[in-house]
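Right, one structure below, let's go through it.
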Amino acid sequence: MLQATVESLLNYALLSLGIEKAQYKVDIPPKLELGDYATNAAILAARQLKKNPFELAQIISDKVKELDKEKLFSKIEIAKPGFINFFFNESFIQQSTAEIIAKDHAWGQGTRGKGQGSRILLEFVSANPTGPLHVGHGRWAVVGDCIARILKAAGYKVESEFYVNNIGNQVEKLWASVEAARAGQPTPENGYGGAYIKEVKGDNKEAVLQFILGEQKETLGKLGVRFDRFFNESELHEKGEVKEAVSRLEQRHKTIVEGGAIWFKSMEMGDDKNRVLVREDGNPTYLAADLAYHLDKFSRGYDRLINIWGTDHHGYVKRLKAAVEAMGLPAENLEIIIGQLVTLYRGNEPVRMSKRTGEMVTLQEVIEEIGADATRFFFAASDVNSHLDFDLELAKKQSSENPVYYVQYAHARICSIIKKAEGQGARGKGQEDLSGLTEPAERELMLKLLSFPDVVESAARLRHPHRITEYGKEVATVFHHFYEKCRVLGNPARLALVDASRITLRNVLELLGINAPEAM
RNA sequence: GGGCCCGUAGCUCAGUUGGAUAGAGCAACGGAUUUCUAAUCCGUAGGUCGGAGGUUCGAUUCCUCUCGGGCCCGCCA
């Protein structure tokens with residue numbers, strides 16, 4: 001919200017000066033002396049107008065001062081190449097902090113998001129129902145769930161969906177593997193030989209599928225990940241949507257028949273070869289079913305579809321988008337997030353995660369070993385574009401010093417203070433007068449808290465849950481710093497600030513799906 | 001051969017459309033507790049941002065080349 005405050009006044013100033021607005025930036029400068037927020041607007045505008053950036057910065061900052069009727073800023077300075085540095089007035093910061101308490105659960109929820117109220121379907125995990133979820137699935141589960149929470153906070157209507165490939169070769173192989181194991185025979189070729197195969201229950205293919213899916217759901221539940229919908233691939237076939245998808249392409253002359261199979265002419269759209277839609281034997285391929293799935297998703301009226309896929313599917317993105325476009329659907333509304341895989345280690349030894357080996361470490365085991373909160377924080381805390389080396393030994397060993405506990409501890413500490421204060425009859429809630437909060441540590445904490453909506457907005461826009469974990473660590477750090485310097489009990493204004501910190505931390509943890517304990 | 005992603009402190013990772021003296025946690029070392037939770041705080045040390053060019057007021061960020069690592073290129077899903 002602070003960022004937005006600076007931006008709106010700045011835009012107004014640029015407008016009244018007749019300067020065309022460039023893609024300038026408003027952010028927090030590296031040093032305290034350089035202001036609470038700073039912008040490079042003058043530098044960028046100067047380049048376009050071929051003017052001296054330093055002089056232009058002076059002109060713009062004078063204009064902002066003139067327009068700042070409410071005295072939001074105590075000081076506006078210009079610096080070296082042409083930065084404009086803004087210093088907020090104490091009263092504005094204090095008032096804004098008081099609003100945090102009034103907003104409570106709504107604090108942090110965006111009001112600037114561009115797609116307010118637009119509908120998003122977020123599909124993730126979508127593991128094959130052929131075995132337990134592995135650690136990689138855990139990453140997508142957590143990232144997807146956090147993105148859903150963040151987008152909701154930013155004002156979108158989000159539904160989450162898990163696509164179940166409950167039909168096809170892999171299901172046949174699964175059943176064959178189960179039957180073989182029960183008969184004491186070796187695993188069929190390309191079958192599933194994991195230890196879990198012997199423990200699978202169910203008298204037929206469908207029952208086995210449901211059993212495994214049930215276990216997957218249970219694991220996800222332990223992680224706090226719940227889906228609005230589990231969508232069965234079989235439904236697409238039953239409803240004739242697979243045929244419809246293929247015929248849509250045929251009608252648009254995007255197919256060719258060759259060798260008894262129907263091909264999608266994806267080469268026309270930049271693919272290096274054409275792709276089979278319907279096999280020689282008349283059975284549709286995974287691609288055909290997936291096209292039908294996306295046709296189905298689009299027909300449900302979402303404004304945007306987001307899929308989270310592992311990097312092992314990245315080559316498939318272009319093809320799917322090309323086909324979606326070829327079906328006459330708005331491919332620009334299909335967004336695919338490609339995440340890098342997780343490499344699991346036990347010490348220095350990599351652990352395989354394949355379902356075909358018996359040595360698999362399941363997501364379930366990881367959650368049992370290090371706990372759901374730590375697992376969630378760990379997966380949410382890194383950019384999905386980076387490989388993740390997950391060392392089980394390390395995760396266990398460091399569990400008591402995991403950053404998640406650092407953030408949770410700050411929350412627990414706050415709750416303890418508030419409890420004690422309430423025991424003394426003090427109240428930090430309501431319309432406290434915060435004008436006494438002038439210490440540097442208090443100011444630092446208020447500014448940090450007040451940047452929360454900006455952080456949520458940016459995390460939503462970039463689909464970056466790790467911005468939230470970073471922010472949580474920052475809030476905890478600044479709070480602990482404040483705690484060392486400022487005694488709270490007996491000071492109602494500080495108690496209100498502590499309550500605002502509690503609300504912010506709790507909302508941060510809520511976005512991450514992590515517990516906010518009142519005691520530790 | 002073609003494509004996508006990554007390379008930042010001893011380790012695991014942040015660094016937002018290019019910004020000011022590159023950050024955090026863990027590990028290491030030295031301090032802090034008569035008072036609100038020490039799962040905390042303060043300090044020290046630790047870096048040619050893989051390498052080389054280029055673009056410009058300014059590059060960890062963008063472009064080209066290069067080295068190293070991961071992943072993909074099925075009538076599997």
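Here the structure is a predicted model, which means the values were calculated and not measured. A note on names: the letters A, B, ... follow the listed sequences, proteins ahead of strands, and every chain is numbered from 1.
Residue contacts for His387(A): at a heavy-atom cut-off of 4.0 Å it reaches a base atom on one of the strands shown. As judged by a 4.0 angstrom heavy-atom cut-off over every strand, Asn85(A) is placed among the base-contacting residues. Among the atoms of the strands shown, none is found under 4.0 Å from any heavy atom of Ala459(A). As judged by a 4.0 angstrom heavy-atom cut-off over every strand, Gly259(A) is placed among the base-contacting residues.
With respect to Glu123(A) and Lys297(A), a salt bridge is recorded, a charged nitrogen being found less than 4.0 Å from a carboxylate O. Salt-bridge annotation for Arg463(A) and Glu335(A): present, with a side-chain N of the basic residue lying under 4.0 Å from a carboxylate O of the acidic one. Ion pair Glu457(A)/Arg461(A) flagged as a salt bridge, since at least one NZ, NE, NH1 or NH2 atom sits closer than 4.0 Å to an Asp/Glu carboxylate oxygen.
Mapping Ala261(A) and Tyr483(A) onto RNA chain B via the closest heavy atom, the residue that lands nearer the 5' end is Tyr483(A). Both Ile338(A) and Ala38(A) sit near RNA chain B, but only Ile338(A) has its closest nucleotide nearer the 5' end.
Under a 3.5 Å cut-off, the side chain of Asn274(A) and the backbone N or O of Trp263(A) do not form any donor-acceptor pair. Counting only distance, with no hydrogens or angles, the side chain of Glu325(A) and the backbone of Met269(A) share no donor-acceptor pair below 3.5 Å. A donor-acceptor pair under 3.5 Å links the side-chain atoms of Thr285(A) to the main chain of Val276(A), judged by distance alone.
Protein atom CG of Asn402(A) is 13 Å distant from nucleotide atom P of C13(B), rounded to whole Å. The NZ-C1' distance, from Lys473(A) to U40(B), rounds to 17 Å in whole Å. When the P atom of U56(B) is taken as reference, atom CD of Gln48(A) falls 17 Å away, rounded to whole Å. At whole-Å resolution of the value, NE2 in His480(A) and P in A24(B) are 15 Å apart.
Atom C1' of C75(B) sits at a distance of 46 Å from the matching atom of A52(B), rounded to the whole Å. For the P atom pair drawn from C41(B) and C72(B), the interatomic distance equals 42 Å after rounding to whole Å. Comparing G50(B) with A22(B), their P atoms are spaced 15 Å from each other, to the whole Å. Comparing G2(B) with A59(B), their C1' atoms sit 30 Å apart, to the nearest whole Å.
Stacking between Phe83(A) and the base of A20(B) is present: ring centres sit under 5.5 Å apart and the planes differ by under 30 degrees. By the criterion of a centre-to-centre distance under 5.5 Å and near-parallel planes under 30°, the ring of His313(A) forms a stack with the base of A77(B).
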Taking only Watson-Crick and G-U wobble pairs with both distances under 3.5 Å, what dot-bracket line describes RNA chain B, where [ ] shows pairs that cross earlier ones and | shows pairs with another strand? (((((((..((((.....[...)))).(((((.......))))).....(((((..]....))))))))))))....
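Separation of the Phe482(A) and Phe479(A) ring centroids falls under the 6.0 Å cut-off.
In terms of phosphate contacts, Lys485(A) brings no side-chain nitrogen or oxygen within less than 4.0 Å of OP1 or OP2 of C41(B).
Of the candidate nucleotides C71(B), C57(B), U37(B), C71(B) has the atom lying nearest to any side-chain atom of Leu341(A).
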